[in-house]
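Below you'll find the structure, written out as C-alpha cells, and then a few comments.
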Amino acid sequence: MSSLKKDMREVNIELGGLNTKHDHLKNDLLQLALSFSDFVESDIKHKALQLAETRQGNLKQDLQIRFGYYAEVRRMATGVLQGVDAGIVSDDTLRYTTEEVMIKAPNYWLAPALVALASWIRDDKNTNEKALTESLKRDDYKTTLFFMLVMRRLERNEACIQWMSRYFLHQNPHNLDREFIVILEAITTGVFQPSSHQLMINNVKSWIDQLTQTDDYIDKQKVQWTRFFETKGSLSSNKYPLLEEFATNWDDLNTSVIQARSHQALDIHFKSIFETTTDYSKATKIQLDEILSLLVTNFDDEELPLQNEVRLNQLIIQKDGDKKVAQALMDQEKHIFDEKVDFLQMLTNAAFDPELSGTTKVTQALAVSISQPWILEAHDTFTAKYRNDVQENVELIIDGFKTSTSDGTDETEQLQKHNKYWTDFLENELKKLTSPLAVILCVSLISLAILIIFKFEIIGIIGALIGGLIIWSSISNHKKAKKKTIETITERKNKSQEVLRGCIAETVDYRKEFALEDAKAEILRHTLISITPEDFSSTSRDTRTILQS
C-alpha cells in the first residue's frame, strides 16, 4: 500500500505537469488563433486597399475620358459668374470661351447655359435664344434654377420673375426639393423683387388646395401639431407630493395638469415668432449664392455614379482598406438638398424647428401663418382630448382607507367617513384579540377541582393560588394587548387623518390650478385665430411694407 501510494503521488505529479502543459498549449493556440484572425483581417484590408487604389485609378481615368471636360466647364462657369459680377471680362473673351465649351462638352446643360449667358450680356438675341433652347432641352429644371438665381444676382427683376414662374411650374407640392425652402425664405425676406411675393402666394394657395383634396395630408400635420402641443407642458416637481403618493390615479391627474399648463408656453412661443425684428435677408442671399455655386460645381447626373464609386474607393484608401467603415461614411455623406417632402410637411418642419430645417424665424412665421387653419384645429383637438380625459375624482388610498373626492370641498364628509372607517377597523381588530374568558373558566374549574381533591389542604391551596396567578396574568395580558391595539390604531388614524386633510387641500389647489391653466386655452386660441397669412411680413425689418398682400 505504501508503494502504491508513492506511485499514485508520482502519477498525480505527472498529471499536474500535463495539466500545466495543456494550459500553456491552450493559451498558445488561442494566441495563434487571434494572430491568425488579425492576419486574415489585415490581409483582407490590404487586398481591399490595393483593389481600391487600382479601381480608383481606373475610375478616374474613365471619368477623365468620358466627363473630363465637365470639370473644366464647371471651373469656367464659376469664372464667368465672377467675371460678370466684377465686369472685367470682355464680350469677345466670353464669347470665345463659352462657344469653345459648347463644342467640347456635348449633352452637358451648363455649356449652352454659359453660351446663353454670354450672348445675353452682349445683347446677341439670336444666339441667346438658340443656346437657351438647347440648355432647357438638356436639363430644364437646372437651367431654370440657374438663370433665376443669376438674374436675381444681376438685379434683372423682370427676367428673374419670368424664370421664377417657370421654377414654380417645376415644383411638385407632393415631392419638393430641399432647396425650395431657401427660395421660399428668399421671397419672404425680400431678397427677390416684391412681385415675387404675389407669385409665391398664388402658387402656395394652389398647392394647399391641391394637397387638401384628401384628408391624409392635413390629418398627418394635425397629428404632429397635437403631439407638439402635448410636449410643451411644464413639470412642477413635488407640487402635490401627497397626491403623488396616495392618489391611485395620479399619473392621469398629472398628465391632465401638465397638458393644461402648455397653453401659456405655447402662447409665448407663437407670439415670439411674430415679434422678432431681426433682418435675415443678408444670410438668405448667401444661401442663394451657395445654391448657385452648388448648381454650377456639383457633378452632373451622368457622372454621379462614377463619382460615387471614386469617392467610396477614396474612403477605403483613407481607412486603410476597411470597407465597412468606408461604406458607413459614404452613407452619411448625403447632400442636404436630396431630401424631398410634401409642401405641408415642409411647412411643419419649418414651424417646429427653423434651424433644423435650414431656415430662419422669417420662414417659420410664414409656415405658421399658412398652417394656421390646421394648427387651430389641432389645438382644439388637443384641448378637447385632455379635457375629456381629465379625472372626475381623485382616488385615494391612505393606510387602507379608500375614498374619492372630486374637488376637495367635501372635507367634513370625508373626515366623518374616515372616522367611521377607523372606528370599525378598531372594533374588528379588538375582536381578533383572544378573550381570556375561556382561560379564566378553565383555570377556575381546575383550581376548584384541586381544592376539592386535596380537601383544601396546603397542596390544594397552592394549586388554587397558581390558578389565580394564571387568571390574573391572562387578564393583564389581554388588557395590555387591547391597550396597545387601541394606541397603535389611534396613532395610525391620526396620521391618516393628517394625510387626508393634506390630500384634500392639495386637491383644492390642483383643481384651482387646472381651471386657471385650462382657461388660458382661450387666450392661445385667440392668438392663433389672429394670425393671418400676411403676418409673416412683419418679421423682416426691410420687408414690412413691400410684402403686404
ask   = Between Lys239 and Glu244, is the closest basic N to carboxylate O distance under 4.0 Å?
value =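 Here Glu244 does not pair with Lys239 in a salt bridge, since their nearest N and O are not under 4.0 Å apart.
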request  = Decide, yes or no, whether a salt bridge links Glu134 with Lys130 under the criterion of side-chain N to carboxylate O below 4.0 Å.
outcome  =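 Lys130 and Glu134: not salt-bridged.
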Distance check, rounded to the nearest 0.5 Å: [X] atom [atom1] versus [Y] atom [atom2]?
| X | Y | atom1 | atom2 | result |
| --- | --- | --- | --- | --- |
| Thr144 | Asp139 | OG1 | CG | 8.5 Å |
| Phe147 | Arg152 | CZ | CZ | 15.5 Å |
| Lys271 | Ile531 | NZ | CD1 | 10.5 Å |
| Ile258 | Thr231 | CD1 | OG1 | 11.5 Å |
| Leu149 | Phe192 | CG | CZ | 5.5 Å |

Who pairs with [X] by salt bridge (charged side-chain N to carboxylate O under 4.0 Å, His left out), at least two apart in sequence or on another chain?
| X | value |
| --- | --- |
| Asp251 | none |
| Lys385 | Asp389 |
| Arg525 | Asp380 |

Taking only residues two or more places apart in sequence, or in another chain, which ones meet [X] in a side-chain contact (heavy atoms from CB on, under 4.5 Å)?
| X | answer |
| --- | --- |
| Val390 | Ser256, Arg511, Phe514 |
| Thr405 | Val394, Asp410, Gln414, Thr507 |
| Leu516 | none |
| Thr248 | Glu395, Ile397 |

For [X] and [Y], work out which heavy atoms get closest and say how close.
| X | Y | result |
| --- | --- | --- |
| Ile398 | Cys503 | CD1-SG, 4.3 Å |
| Gln259 | Tyr386 | OE1-CB, 2.8 Å |
| Gln391 | Leu253 | CB-CD2, 3.6 Å |
| Asn128 | Trp120 | ND2-CB, 3.3 Å |

key: salt bridge (Lys or Arg N to Asp or Glu O under 4.0 Å) contacts touching residues 499-510 (sequence neighbours left out)   =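 For residues 499-510: Glu411-Arg501.
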For [X] and [Y], indicate whether the former's side chain and the latter's backbone hold a donor-acceptor pair under 3.5 Å.
| X | Y | value |
| --- | --- | --- |
| Asn202 | Gln198 | yes |
| Asn203 | Leu199 | yes |
| Glu392 | Ser406 | no |
| Asn249 | Asn393 | yes |

State, yes or no, whether a side-chain contact exists between [X] and [Y] at a heavy-atom distance under 4.5 Å.
| X | Y | result |
| --- | --- | --- |
| His170 | Asp140 | yes |
| Arg261 | Glu513 | yes |
| Ser371 | Gln221 | no |
| Ile370 | Trp207 | no |
| Asp518 | Arg387 | yes |
| Gln345 | Gln224 | yes |
| Tyr167 | Phe180 | yes |
| Leu243 | Leu396 | yes |

Pair Leu524-His379, side-chain contact (heavy atoms from CB on, under 4.5 Å): steps then yes or no = CA-CA 9 Å; Leu524 174 58; His379 175 255; 3.4 Å; yes
task = Carefully, step by step, assess Leu344 and Lys220 under the rule side-chain contact (heavy atoms from CB on, under 4.5 Å).
result = CA-CA 9 Å; Leu344 299 186; Lys220 288 178 182 178; over 6 Å; no
request  = Carefully, step by step, assess Met148 and Arg166 under the rule side-chain contact (heavy atoms from CB on, under 4.5 Å).
outcome  = CA-CA 9 Å; Met148 182 183 74; Arg166 189 180 185 91; over 6 Å; no
Just to verify, what does [X] make a ring-ring contact (aromatic ring centres under 6.0 Å, His included) with, not counting sequence neighbours?
| X | value |
| --- | --- |
| Phe228 | Trp225, His269, Phe352 |
| Tyr510 | Tyr240 |
| Phe246 | none |

key: Other residues, nucleotides, ligands: >12 heavy atoms within 6.0 Å of Asp209 CG   =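 Result for CG/Asp209: enclosed.
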task = Report, as yes or no, whether the 6.0 Å neighbourhood of atom CZ on Arg227 holds more than 12 heavy atoms from other residues, nucleotides or ligands.
result =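 Not buried by this count: 12 neighbours or fewer within 6.0 Å.
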task = I would like to know whether Ile218 and Leu211 meet side-chain contact (heavy atoms from CB on, under 4.5 Å); could you show each step before the answer?
result = CA-CA 8 Å; Ile218 293 295; Leu211 290 172; over 6 Å; no
request  = Before giving the answer on side-chain hydrogen bond (donor to acceptor under 3.5 Å, both in side chains), spell out for Ser135 and Thr143 the whole-Å C-alpha distance, their side-chain angles and the decisive distance to 0.1 Å.
outcome  = CA-CA 6 Å; Ser135 182; Thr143 302; 2.7 Å; yes
Donor-acceptor pairs under 3.5 angstrom involving side-chain atoms of residues 155-162: please list them, not counting sequence neighbours.
none

